Number of protein chains: 2
Amino acid sequence: MSHGPDIARIGALIGDPARAAMLTALMSGKALTASELARVAGVGAPTVSAHLVKLAEGGLIAAEKQGRHRYVRLAGAEVAEALEALLGLAQSRGHLPFRPGPDDQAMRRARVCYDHLAGEMGIALYRALHAGGALALAPDGVALTDRGHGLLDGLGLDMPALMRARRPACRTCLDWSERTHHLAGGAGAALLTRFQELGWLRPRQTSRALRVTLEGERELPRLFARLGAGGQGSPGP
Amino acid sequence: MSHGPDIARIGALIGDPARAAMLTALMSGKALTASELARVAGVGAPTVSAHLVKLAEGGLIAAEKQGRHRYVRLAGAEVAEALEALLGLAQSRGHLPFRPGPDDQAMRRARVCYDHLAGEMGIALYRALHAGGALALAPDGVALTDRGHGLLDGLGLDMPALMRARRPACRTCLDWSERTHHLAGGAGAALLTRFQELGWLRPRQTSRALRVTLEGERELPRLFARLGAGGQGSPGP
DNA sequence: TCCATACTTCGTTCCCGGGCGAAGCATTGC
DNA sequence: GCAATGCTTCGCCCGGGAACGAAGTATGGA
């Protein structure tokens with residue numbers, strides 16, 4: 001007999017096309033209203049309402065009533081991480097986009113993964129931080145080095161707040177389009193926010209894909225080069 | 001509209017209780033026959049046959065006919081990793097074991113995660129390797145250091161074979177019971193095999209849980225202490 | 001006050017898909 | 001060869017659950 005957590009319940013929640021579309025939309029990190037979710041899922045209001053009850057009971061989403069709207073978001077970074085892992089598996093198994101379109105390319109370039117940067121840009125950021133000696137292996141994952149602390153501080157991140165937070169500053173997340181890791185956790189989230197503040201990346205209305213502004217096109221590679229340059233190189237295998 | 005890989009298909013595959021039980025059983029890494037899977041899933045032969053077709057079409061399992069038996073295994077480490085991530089999510093969401101039992105404790109102690117060691121023992125191994133300076137951050141994940149190479153060689157692992165293999169030597173996998181990372185990849189698999197050869201761990205018939213032999217009880221902590229001792233300590237935060 | 005909007009609840013329909021029994025094929029062993 | 005085993009295919013049944021329309025309940029604005 002098999003043991004372990006009941007994977008079937010979560011699988012069933014994700015296994016419905018409407019719910020899957022809703023969850024995928026929520027990977028943008030934005031809180032969406034029930035009617036917005038109805039639109040992305042292509043179903044009516046009563047249906048989406050029933051789905052929201054099930055997703056909430058399953059612990060995958062958190063809902064918050066605000067006026068006559070009901071704002072829905074993913075229940076946490078854990079959920080987003082697992083969904084990203086599933087997206088990766090689906091990708092590798094050839095379960096292609098339900099609607100392959102022109103902004104597939106934009107998605108691969110740069111997108112939001114719950115609250116941090118993913119896609120080519122996300123990978124480039126992670127690689128630059130690693131090359132610059134900003135990251136080190138910790139017993140429970142990845143951690144910021146002193147050097148990394150200084151680098152992020154120099155970028156204008158609020159480091160005291162980051163350290164104070166209950167949430168771990170660094171996590172890694174498996175990027176489904178690039179098939180390698182990018183930076184998640186508090187630092188990942190703060191970096192994405194900062195890049196948006198600086199006007200280098202701009203969110204889109206319709207999808208998780210991020211628009212890289214002209215300024216971002218110029219400044220981001222420059223930043224990555226600068227970050228990576230200071231490093232003592234990666235230790236040999 | 002949402003984009004990205006079609007997560008619903010895989011979710012639906014995992015979402016059926018019988019299929020979920022089958023997949024969980026296959027996390028033992030063993031190749032099981034269709035009738036064995038029927039037993040763990042609690043369904044009849046025709047039903048399991050239909051399930052196997054769907055799982056194979058979805059790319060989650062690989063089947064191989066051998067005589068009049070049909071041996072089924074997970075389609076690869078990628079699948080196992082994603083399933084482990086889902087197990088973690090289910091665990092954290094309070095979707096408890098369908099049959100909480102006495103060997104739940106054994107599962108948490110030491111178990112097979114597809115082909116490598118997981119549970120408390122898996123975490124202890126990872127921590128010891130990290131403390132001993134055997135692992136370093138690489139641009140695409142975790143890698144063995146020169147020191148780590150030497151340590152594993154000293155344990156009797158076939159290092160040339162490990163390096164020759166197409167498969168990455170080191171991967172990390174999110175342990176669902178400990179909520180932190182353990183070592184996967186070629187090295188993780190080779191270590192588990194070695195521990196079994198040495199008679200420190202013994203597989204069980206019925207579950208993924210591993211039996212820690214008396215010798216293992218004595219030697220494994222000793223080994224972990226020895227591995228961890230040589231290290232230069234972890235870099236500060 | 002009254003209507004419009006956003007969402008939920010209820011009741012109904014309907015279809016997909018899991019399950020099994022019976023029969024059909026292979027493979028093995030006597 | 002014949003029976004036994006392991007698995008698949010076919011046909012059928014049945015239940016769960018996804019979807020919507022209509023009505024009900026909150027909130028906000030005119």
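All figures in this text were calculated on a predicted structure; none of them were measured in a lab. These values consider heavy atoms only, across backbone and side chains, with no hydrogens, waters or symmetry-generated copies.
For B:A18, taking side-chain heavy atoms from C-beta onward, the closest of the listed nucleotides C:dG19, C:dG18, D:dA18 is C:dG19. Side-chain proximity of A:V43 to C:dT8, C:dG19, D:dA19: nearest is D:dA19.
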Test salt bridge (Lys or Arg N to Asp or Glu O under 4.0 Å) applied to A:R111 and A:E84, step by step: CA-CA 12 Å; A:R111 66 176 181 278; A:E84 190 78 1; 3.3 Å; yes
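Under 4.0 Å is where a charged nitrogen must lie from a carboxylate oxygen, and between A:R167 and A:D115 at least one such pair does.
Across all strands shown, B:A50 has no heavy atoms under 4.0 Å from either base or sugar-phosphate atoms. As judged by a 4.0 angstrom heavy-atom cut-off over every strand, B:A34 is placed among residues touching the sugar-phosphate backbone only.
Counting to the nearest Å, the P atom of C:dG17 and the CG atom of B:D16 are 11 Å from each other. Look at CG on A:L52: it is 14 Å from C1' on D:dA18, rounded to the nearest Å. The separation between B:Q66 atom CD and C:dA26 atom C1' is 16 Å, rounded to whole Å. Between the CE atom of A:M22 and the C1' atom of D:dA19 there is a distance of 14 Å, rounded to whole Å. We find that CD of B:E57 is positioned 13 Å from P of D:dT8, with the value rounded to whole Å. Atom-to-atom, CD of B:E64 to C1' of D:dG6 comes out at 16 Å; the value is rounded to the nearest Å. Rounded to whole angstrom, the span from the NE2 atom of A:H69 across to the P atom of D:dG28 amounts to 9 Å. Atom CG of B:L13 and atom C1' of C:dG17 are 13 Å apart (whole Å).
At the phosphate of C:dG19, OP1 or OP2 sits under 4.0 Å from a side-chain N or O atom of B:H51. Proximity of B:K65 to the phosphate of C:dA26: no side-chain N or O atom is located under 4.0 Å from OP1 or OP2. Taking side-chain N and O atoms only, A:T47 has no distance below 4.0 Å to OP1 or OP2 of D:dA18. For C:dA26, neither phosphate oxygen OP1 nor OP2 lies less than 4.0 angstrom from any side-chain nitrogen or oxygen of B:R70.
Side-chain polar atoms of B:T193 and B:Q196 form no donor-acceptor pair below 3.5 angstrom.
The environment of B:R202 atom CZ is sparse: at most 12 non-hydrogen atoms of other residues, nucleotides or ligands sit within 6.0 angstrom. Shown here is A:R218, whose CZ atom has more than 12 heavy atoms of other residues, nucleotides or ligands within 6.0 Å.
Between A:P46 and A:R68, it is A:P46 whose nearest contact on DNA chain D lies nearer the 5' terminus.
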